[in-house]
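Heads up, the thing below is written out as structure tokens.
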Amino acid sequence: MKTKIAGLIVVIAVIAISVGFTVFTRSNQTLVLTGYAGGEKVGFLEDGEVQDILQKDYHLTIGYSKAGSLDMVRADKEGRDYLWPSSQTALELYKSEVGKPVRSETIFNTPIVIYTRKPVAKALINEKIAKQKDGVYTVDLAKLMDLVVKGRSWSSLGLPQLYGNVTVYSTDPTKSNSGNMFAGLLANTLAGGVADESNIGPHLGEIKKIFQKSGYMDSSSADIFSEFLKMGMGSRPLVVGYENQLLEFSAENPDTWKQVKDDIVMMYPVPTVWSSHVWIAMDDKASEAIDALEDDKIQRLAWEKHGFRTGVAGSKEDSSAFPGVGIEENVTQVGQLPNYKTMKMIMDALDSDS
């Protein structure tokens with residue numbers, strides 16, 4: 001009996017030492033993740049302060065490849081641990097085409113906005129399509145899209161220096177989230193409410209024509225925003241983007257921002273929609289990153305340096321970190337996107353050759 005007890009004690013001791021060694025090894029080794037992330041989160045992922053906290057407090061390094069939110073779901077995922085798109089639509093697409101992820105969680109939120117220049121904003125205000133109050137601009141999306149559908153020229157709005165008709169540029173809605181969410185907003189506008197399978201059919205052709213007016217469409221929200229900043233008003237007078245993009249630009253480039261802040265205007269569509277930046281863990285390793293990304297210090301940096309809203313969608317954020325940007329502190333005029341089945345109908349129509 002004493003021999004059996006002694007043997008059992010040895011076995012337990014070996015197990016305990018093995019478990020302890022495993023925990024010790026994991027706590028002292030860096031967990032390296034790789035995956036796809038939307039371009040609007042590149043600045044956050046490359047932030048030295050963010051990387052230091054992830055490394056020191058969580059022994060975690062997050063590598064990434066840039067991809068559009070919908071593109072990444074369809075991309076080759078061999079050797080990838082996570083996807084970090086910018087919408088629930090991408091998550092639903094993942095569930096439909098791949099299956100249930102190991103874990104998923106919304107890390108940030110940011111509203112969809114429209115970027116323009118001061119002369120365009122003034123012209124839209126004169127047409128009673130946009131408003132400005134306390135430095136915050138809003139634009140009636142239904143009235144704006146009516147200009148596009150009717151083919152109103154820029155010159156008819158008092159902007160003869162701009163060529164052609166009014167067009168709102170976005171990323172490719174079949175590849176990138178900001179364009180996809182704009183397509184959903186268009187669908188709601190044309191349907192006179194939240195579009196669904198029963199009322200979207202008659203409007204699919206019109207939605208496709210609106211996007212065709214844009215010509216070539218980028219697949220990255222980061223790329224289209226960069227082009228908007230660099231190419232001036234004549235190239236793309238109205239561009240769909242994320243609120244955080246201008247907030248991040250103003251924080252990272254304060255000297256440049258001082259030079260251009262009186263010209264660049266961020267307008268909140270009425271209604272807008274929330275873009276939810278959802279982390280999709282495809283394995284247990286990536287699941288561990290969710291707790292790290294929800295760290296209070298990480299979340300503070302995400303807002304103050306990169307403009308991502310980290311509280312409950314619609315909650316008020318302290319705008320003092322972004323003077324002169326024109327932030328809607330409490331975003332309340334928010335619509336609901338069509339459900340996934342309806343969005344898939346829209347994407348299929350936009351992706352078709354007919």
Side-chain angles (χ1 to χ4, degrees), residues 38 68-74 85-98 109-114 129 139-152 165-219 221 224 238-242 267-276 278 313 331 333-354:
S69 290
L70 304 180
D71 262 358
M72 69 176 68
V73 177
R74 304 185 182 103
S86 310
S87 74
Q88 292 292 326
T89 299
L91 175 59
E92 293 305 314
L93 180 63
Y94 181 92
K95 290 178 179 178
S96 174
E97 298 194 358
V98 181
N109 290 289
T110 190
I112 291 292
V113 298
I114 295 177
I129 293 171
V139 58
D140 187 312
L141 189 61
K143 291 181 178 179
L144 178 62
M145 296 321 300
D146 189 55
L147 294 182
V148 177
V149 171
K150 290 181 177 178
R152 285 281 301 274
N165 297 335
V166 177
T167 303
V168 181
Y169 294 91
S170 78
T171 55
D172 188 331
T174 66
K175 298 179 179 180
S176 170
N177 177 65
S178 58
N180 186 261
M181 298 190 86
F182 185 58
L185 277 173
L186 285 180
N188 288 349
T189 298
L190 295 173
V194 179
D196 58 33
E197 301 97 309
S198 68
N199 60 25
I200 191 58
H203 305 294
L204 292 175
E206 194 165 13
I207 293 171
K208 185 166 185 173
K209 287 180 181 178
I210 289 172
F211 279 99
Q212 286 175 334
K213 292 176 183 290
S214 300
Y216 171 78
M217 290 181 284
D218 290 289
S219 60
S221 302
I224 193 173
L238 294 165
V239 171
V240 176
Y242 299 112
M267 300 192 298
Y268 293 86
V270 179
T272 187
V273 286
W274 284 104
S275 174
S276 300
V278 56
V331 181
Q333 299 186 82
V334 180
Q336 178 183 339
L337 274 181
N339 61 34
Y340 175 69
K341 289 183 178 179
T342 305
M343 290 303 300
K344 190 173 187 308
M345 290 174 66
I346 295 170
M347 286 188 285
D348 289 344
L350 291 169
D351 215 16
S352 68
D353 295 329
S354 59

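Numbers here are sequence positions counted from 1. In this text, all values refer to a predicted model and were calculated from it rather than measured experimentally.
Interatomic distance, Ser219 OG to Met72 CE, rounded to the nearest 0.5 Å: 10.5 Å. The CZ atom of Arg74 lies 5.0 Å from the CG atom of Leu93; values are rounded to the nearest 0.5 Å. Of the inter-residue distances, the one linking Ile346 atom CD1 with Ile200 atom CD1 reads 4.5 Å to the nearest 0.5 angstrom. Atoms NZ and OG1, from Lys143 and Thr189 in turn, are 13.0 Å apart once rounded to the nearest 0.5 Å. Atom-to-atom distance recorded for Leu144:CG and Ile114:CD1 is 5.5 Å, nearest 0.5 angstrom. Annotation: the span from Asp196 atom CG to Lys341 atom NZ amounts to 11.5 Å, rounded to 0.5 Å.
Counting heavy atoms from C-beta on, the side chains of Asp140 and Val270 never come closer than 4.5 Å. Inter-residue side-chain proximity for Glu206 and Leu186 is flagged as unmet; no heavy-atom pair is nearer than 4.5 Å. Proximity of Val149 to Ile210: side-chain heavy atoms (C-beta onward) are separated by under 4.5 Å at one or more points. Side-chain contact between Asn188 and Pro338 is present, with at least one heavy-atom pair separated by less than 4.5 Å.
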| field | Derivation and outcome, side chain to side chain contact (heavy atoms under 4.5 Å, CB included), residues Thr272 and Val113 | value | CA-CA 7 Å; Thr272 187; Val113 298; 5.7 Å; no

| message | For Tyr169 and Asp218: C-alpha separation, side-chain torsions, deciding distance, then whether side chain to side chain donor-acceptor pair (under 3.5 Å) applies. | response | CA-CA 9 Å; Tyr169 294 91; Asp218 290 289; over 6 Å; no

| task | Starting from the C-alpha separation in whole Å, work towards a yes-or-no answer on side chain to side chain contact (heavy atoms under 4.5 Å, CB included) for Glu197 and Asn339. | result | CA-CA 9 Å; Glu197 301 97 309; Asn339 61 34; 3.3 Å; yes

| field | Steps toward salt bridge (Lys or Arg N to Asp or Glu O under 4.0 Å) verdict (Glu92, Lys95) | value | CA-CA 5 Å; Glu92 293 305 314; Lys95 290 178 179 178; 3.8 Å; yes

| request: Using the side chain to side chain contact (heavy atoms under 4.5 Å, CB included) rule, take Leu91 and Tyr340 through it: C-alpha gap first, then chi angles, then the decisive distance, then the call. | output: CA-CA 10 Å; Leu91 175 59; Tyr340 175 69; over 6 Å; no

| task | Would you check, one step at a time, whether the test side chain to side chain contact (heavy atoms under 4.5 Å, CB included) holds for Tyr268 with Gln333? | result | CA-CA 9 Å; Tyr268 293 86; Gln333 299 186 82; over 6 Å; no

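Using a distance-only test at 3.5 Å, with no hydrogens or angles considered, no donor-acceptor pair links the side chain of Thr174 to the main chain of Met347. No donor-acceptor pair closer than 3.5 Å links the side chain of Asp348 to the backbone N or O of Met345. The main-chain N or O of Gly179 is never found under 3.5 Å from a side-chain atom of Asp172 such that the two would form a donor-acceptor pair. Checked by atom type and distance alone, the side chain of Asn177 pairs as donor or acceptor with a backbone atom of Ser86 at under 3.5 Å.
Taking every heavy atom of both residues into account, Val278 and Gln88 meet most closely at CB-NE2, 4.2 Å. Minimum interatomic distance between Leu238 and Thr167 (heavy atoms only, all atoms of both residues): CB-O, 3.8 Å. Nearest heavy atoms, Val334 versus Val273: CG1-CA, 4.0 Å. Across every non-hydrogen atom of Asn199 and Pro202, the tightest pair is O-CD, 3.5 Å. Looking at every heavy atom in both residues, Ser178 comes nearest to Tyr242 through N-OH, 3.2 Å. Closest approach of Pro173 and Leu350 over heavy atoms only: CG-CD1, 3.4 Å.
Judged purely by distance below 3.5 Å, without hydrogens or angles, the side chains of Ser69 and Asn180 never pair a donor atom with an acceptor atom.
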